[in-house]
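Take a look at the structure set out below.
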Amino acid sequence: MSTHALMRECCIRFRMYSAIVVVWTLILVVGWLGLYGLVHNDHTGQAYEQASFSNVGARPLMRGAIGHRRVQEKVMVQLAGDAEAVQHAAQRRREALTQLRGGGARTKTIPWCTPC
């Protein structure tokens, strides 16, 4: 028995109900996929916000470290003509780094930032 003959045996009301069920099924599938996509995008956006705002407190520290590094480079450039002063500034910088790494007290002024 062919599909055409099988469909001819069904009444028109059954075929209409079947078509309505198929259309509603397709609408529900598309709607469910849309809602799933929206929820997934929402979770992804929240994860991005948490990841991007988690290091906001570290940015001023990084800017400060970059500023101190620029000051160090400026001092070394200013002292470039005087080898003894460069050695003295480098020694002060090493001592300050040793003190900071060793858990010494941190001060507001950085000793290697001032030229000789």
Side-chain angles (χ1 to χ4, degrees):
M1 183 179 260
S2 69
T3 308
H4 183 67
L6 183 64
M7 288 301 290
R8 293 295 286 166
E9 289 181 8
C10 296
C11 64
I12 189 74
R13 181 176 287 173
F14 177 75
R15 285 188 275 169
M16 290 301 293
Y17 286 147
S18 300
I20 291 171
V21 167
V22 167
V23 168
W24 275 107
T25 304
L26 290 174
I27 289 173
L28 288 175
V29 167
V30 169
W32 182 82
L33 288 174
L35 287 176
Y36 174 77
L38 288 174
V39 169
H40 179 71
N41 283 343
D42 184 49
H43 289 305
T44 305
Q46 288 176 358
Y48 174 76
E49 285 179 9
Q50 289 175 355
S52 64
F53 293 133
S54 65
N55 63 354
V56 168
R59 288 183 184 159
L61 297 175
M62 290 188 295
R63 285 190 189 119
I66 290 171
H68 291 308
R69 180 69 181 179
R70 287 180 181 160
V71 169
Q72 293 170 11
E73 290 172 355
K74 181 188 79 163
V75 168
M76 292 302 224
V77 168
Q78 288 174 348
L79 299 175
D82 188 6
E84 184 178 324
V86 169
Q87 291 295 331
H88 182 64
Q91 179 63 30
R92 285 189 310 179
R93 179 175 179 265
R94 282 191 293 271
E95 290 171 0
L97 286 175
T98 304
Q99 181 185 7
L100 288 175
R101 287 181 185 150
R106 290 185 174 220
T107 60
K108 290 278 186 184
T109 58
I110 299 175
W112 63 79
C113 289
T114 56
C116 297

Output a table of donor-acceptor pairs, distance under 3.5 Å, between side-chain atoms of residues 17-36 and any protein atom two or more places apart or on a different chain; print 'none' if there are none.
residue	atom	partner	partner atom	Å
S18	OG	F14	O	2.8
T25	OG1	V21	O	2.7

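Residue E84 places its CD atom among 12 or fewer non-hydrogen atoms of other residues, nucleotides or ligands, all under 6.0 Å distant.
Inter-residue side-chain proximity for Q46 and H43 is flagged as met; some heavy-atom pair is nearer than 4.5 Å.
Qualifying side chain to side chain contact (heavy atoms under 4.5 Å, CB included) partners for I12, counting only residues two or more places apart in sequence or in other chains: R15, M16.
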